[in-house]
Visitor: 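Below are the structure tokens for one structure; questions will follow.
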There are 2 protein chains.
Amino acid sequence: MVTKTEYTIQQVAEITGLSGHTLRYYERIGLLSSVVRAANGHRRYTDDTIREIEFLNKLRATGMPIREMQHYAELRRQGQSTLAERQAMLKSHHAVVTEQLRLLQEYLKVIEYKIALYQKLQEEQQHESTSVGS
Amino acid sequence: MVTKTEYTIQQVAEITGLSGHTLRYYERIGLLSSVVRAANGHRRYTDDTIREIEFLNKLRATGMPIREMQHYAELRRQGQSTLAERQAMLKSHHAVVTEQLRLLQEYLKVIEYKIALYQKLQEEQQHESTSVGS
DNA sequence: CTACAACTTTGAGCGCACTCTAAGTCAAGG
DNA sequence: CCTTGACTTAGAGTGCGCTCAAAGTTGTAG
């Protein structure tokens, strides 16, 4: 006998870090396909859906706009005929994130420089007050 | 004779990539100190201010909230007595960005994995249609 | 039987960071 | 003189991504 593990919205919220509100919102706008219902109308999530959500979370965390994710989800719903297009989307997003990463690293260096500068200024300040004090 | 180069809001907009609207907004909310005025009331920006704006842009691009930048600008206005606190802010922000960078890299790898997976699926699809066709 | 908790829906509200509008001032050119 | 255009202000509006509220249903425990 095959027992599929199913999860309530609460459980999925805890697992994925999204709120119940957000999970319903994602479903409403078409980001999540096929969330089945229990007899009482409550949502029952499967492991598959959880994996789907976790991938969506990674797209979001890397800055993909909701609009684009909706398009991606729509393609997924259309089946394997859209594999190439989905791959192209991911490649394009990959390029964007890579550039974003490059910039972040560059700016991080500027911040490091500034921290070092503040260090120097503080030491000079220290030195002055010491020589005045003596 | 010392001739300080000054810039109009238009010029600063072009240089910094911010719109004139945003430059005025930043000043209003206290991000920019000491923007002097020409006789007719128009803003005149100095090289110093431009450098200030460009640093603010890097803080924004690395995800620092406006609120925090306001605090930073406020400390700057209070003079060198706040050097240590400003340095602490930058250090804390540095840590946040570093973690963000780590996550981005991790998620980028997941995206790469998915791109490769889609590649494989497409090749399998290709193969099937070929064998059916023959 | 009743209370309660967990869910459901639709639609409104919110925080952030801008972005734009309206009405007015001013200097230069025709 | 009059238009044009770049600027000024205060305040309203926008888009994004949630987040919450209200009203209703269902299942379980006392």
Side-chain angles (χ1 to χ4, degrees), chain A residues 6-32 34-46 49-50 52-74 93 96 100 103 107, chain B residues 6-32 34-46 49-50 52-74 93 96 100 103 107:
Chain A
E6 295 195 323
Y7 305 88
T8 66
I9 194 165
Q10 272 284 303
Q11 291 170 319
V12 177
E14 268 166 42
I15 294 168
T16 64
L18 296 178
S19 71
H21 290 304
T22 303
L23 285 168
R24 289 191 207 97
Y25 165 69
Y26 274 14
E27 191 180 338
R28 250 203 291 196
I29 65 172
L31 285 187
L32 266 41
S34 67
V35 177
V36 297
R37 302 306 179 100
N40 58 8
H42 291 193
R43 288 169 178 80
R44 291 292 173 260
Y45 296 83
T46 65
T49 317
I50 288 175
E52 201 180 332
I53 294 165
E54 282 176 338
F55 186 62
L56 289 180
N57 272 344
K58 285 175 180 48
L59 293 182
R60 279 294 301 126
T62 51
M64 183 182 282
I66 293 277
R67 281 288 171 91
E68 213 170 317
M69 286 169 54
Q70 284 175 305
H71 183 203
Y72 183 81
E74 174 60 26
H93 183 58
V96 169
Q100 165 78 354
L103 281 177
Y107 297 162
Chain B
E6 296 196 320
Y7 305 87
T8 66
I9 195 165
Q10 272 284 303
Q11 290 170 320
V12 176
E14 268 165 42
I15 293 167
T16 63
L18 296 179
S19 71
H21 290 305
T22 304
L23 285 169
R24 289 191 205 98
Y25 165 69
Y26 274 13
E27 193 181 337
R28 253 202 290 193
I29 66 172
L31 285 187
L32 265 41
S34 67
V35 177
V36 297
R37 301 307 177 100
N40 57 10
H42 291 192
R43 287 170 180 80
R44 290 291 173 264
Y45 295 83
T46 65
T49 317
I50 288 175
E52 201 180 330
I53 293 166
E54 281 175 340
F55 185 62
L56 289 180
N57 272 345
K58 285 175 180 48
L59 292 182
R60 278 296 302 127
T62 51
M64 183 182 282
I66 292 278
R67 281 288 170 93
E68 213 170 317
M69 286 169 54
Q70 286 175 305
H71 184 202
Y72 183 81
E74 174 60 25
H93 184 58
V96 170
Q100 164 76 356
L103 282 177
Y107 297 162

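A, B, ... follow the sequence lines: proteins, then strands. Residue 1 opens every chain.
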Visitor: Side chains of B:V96 and B:M64: does their closest heavy-atom pair fall under 4.5 Å?
Guide: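 B:V96 does not reach B:M64 side chain to side chain.
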Visitor: Pairs under 3.5 angstrom only: tabulate donor-acceptor contacts from the side chains of residues 65-73 of chain A to other protein residues two or more places apart or in another chain.
Guide:
from: A:Q70; atom 1: NE2; to: A:I29; atom 2: O; distance (Å): 3.0
from: A:Y72; atom 1: OH; to: B:Y118; atom 2: OH; distance (Å): 2.6

Visitor: In whole angstrom, what separates A:R24's CZ from D:dT19's P?
Guide: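 Computing the A:R24:CZ to D:dT19:P distance gives 13 Å.
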Visitor: Looking only at heavy atoms, what is the nearest atom pair of A:S19 and A:A13, with distance?
Guide: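 Heavy-atom minimum between the residues: C-CB, 4.2 Å.
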Visitor: If you apply the rule side-chain contact (heavy atoms from CB on, under 4.5 Å), what do you find for A:L56 with A:L32, and how did you get there?
Guide: CA-CA 9 Å; A:L56 289 180; A:L32 266 41; 3.4 Å; yes
Visitor: When rounded to the nearest 0.5 angstrom, what distance separates OG1 in A:T22 from CZ in A:R28?
Guide: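 Those atoms lie 10.5 Å apart.
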Visitor: Is there a side-chain contact between A:Y26 and A:E52 (heavy atoms, below 4.5 Å)?
Guide: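 Counting from C-beta outward, A:Y26 and A:E52 never come under 4.5 Å.
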Visitor: Would a 4.5 Å heavy-atom cut-off, applied to side chains only, mark A:Y45 and A:L23 as touching?
Guide: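 The answer is yes, as the side chains (C-beta and beyond) meet within the 4.5 Å cut-off.
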Visitor: Could you run through nucleotides 21-30 of chain C and give me one letter per nucleotide, 5' to 3': B if any protein heavy atom sits under 4.0 Å from the base, S if only the sugar-phosphate is that close, - if neither?
Guide: B----S----
Visitor: A:R37 has an atom CZ; how far is it from atom P of C:dC7, in whole Å?
Guide: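 So the CZ-P distance, A:R37 to C:dC7, works out to 12 Å.
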Visitor: Would you say B:Y26 places a side-chain N or O within less than 4.0 Å of OP1 or OP2 belonging to C:dC18?
Guide: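 Answer is yes, contact under 4.0 Å.
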Visitor: Quickly work out the B:R28 CZ to C:dC16 P distance and round it to whole Å.
Guide: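 The distance from CZ of B:R28 to P of C:dC16 comes to 16 Å, rounded to the nearest Å.
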Visitor: Counting only side-chain nitrogens and oxygens, does A:R43 get under 4.0 Å of the OP1 or OP2 atom of C:dC7?
Guide: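 Negative; the distance criterion is not met.
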Visitor: Could you check how far OH of A:Y45 sits from C1' of C:dC7, rounded to whole Å?
Guide: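 After rounding, the reported distance stands at 11 Å.
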Visitor: Considering residues at least two apart in sequence or located in another chain, which fulfil the side chain to side chain donor-acceptor pair (under 3.5 Å) criterion with A:E14?
Guide: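 Partners of A:E14 by the side chain to side chain donor-acceptor pair (under 3.5 Å) criterion come out as none, since no residue qualifies.
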Visitor: In residues 35-44 of chain B, what donor-acceptor pairs under 3.5 Å come from side-chain atoms, sequence neighbours left out?
Guide:
from: B:R37; atom 1: NH1; to: B:G41; atom 2: O; distance (Å): 2.9
from: B:N40; atom 1: OD1; to: B:H42; atom 2: N; distance (Å): 3.0
from: B:R43; atom 1: NE; to: B:E27; atom 2: OE1; distance (Å): 2.6

Visitor: From A:I9 CD1 over to A:H21 NE2, what is the distance, rounded to the nearest 0.5 angstrom?
Guide: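 With rounding to 0.5 Å, CD1 (A:I9) is 9.0 Å from NE2 (A:H21).
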Visitor: Which residues within residues 7-18 of chain B lie with some heavy atom under 4.0 Å of an atom in DNA chain D?
Guide: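 Under 4.0 Å from DNA chain D: B:T8, B:I9, B:Q10.
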Visitor: Quick check: do A:I15 and A:E54 have side-chain heavy atoms less than 4.5 Å from each other?
Guide: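 They are in contact (side-chain heavy atoms under 4.5 Å apart), so the answer is yes.
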Visitor: Please work out which residues in residues 53-72 of chain A have a non-hydrogen atom less than 4.0 Å from an atom of DNA chain C and list them by number.
Guide: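 Per residue number, the list is empty: none.
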Visitor: Between C:dC18 atom P and B:E27 atom CD, what is the distance in whole Å?
Guide: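 Rounding to the nearest Å, CD of B:E27 and P of C:dC18 are 15 Å apart.
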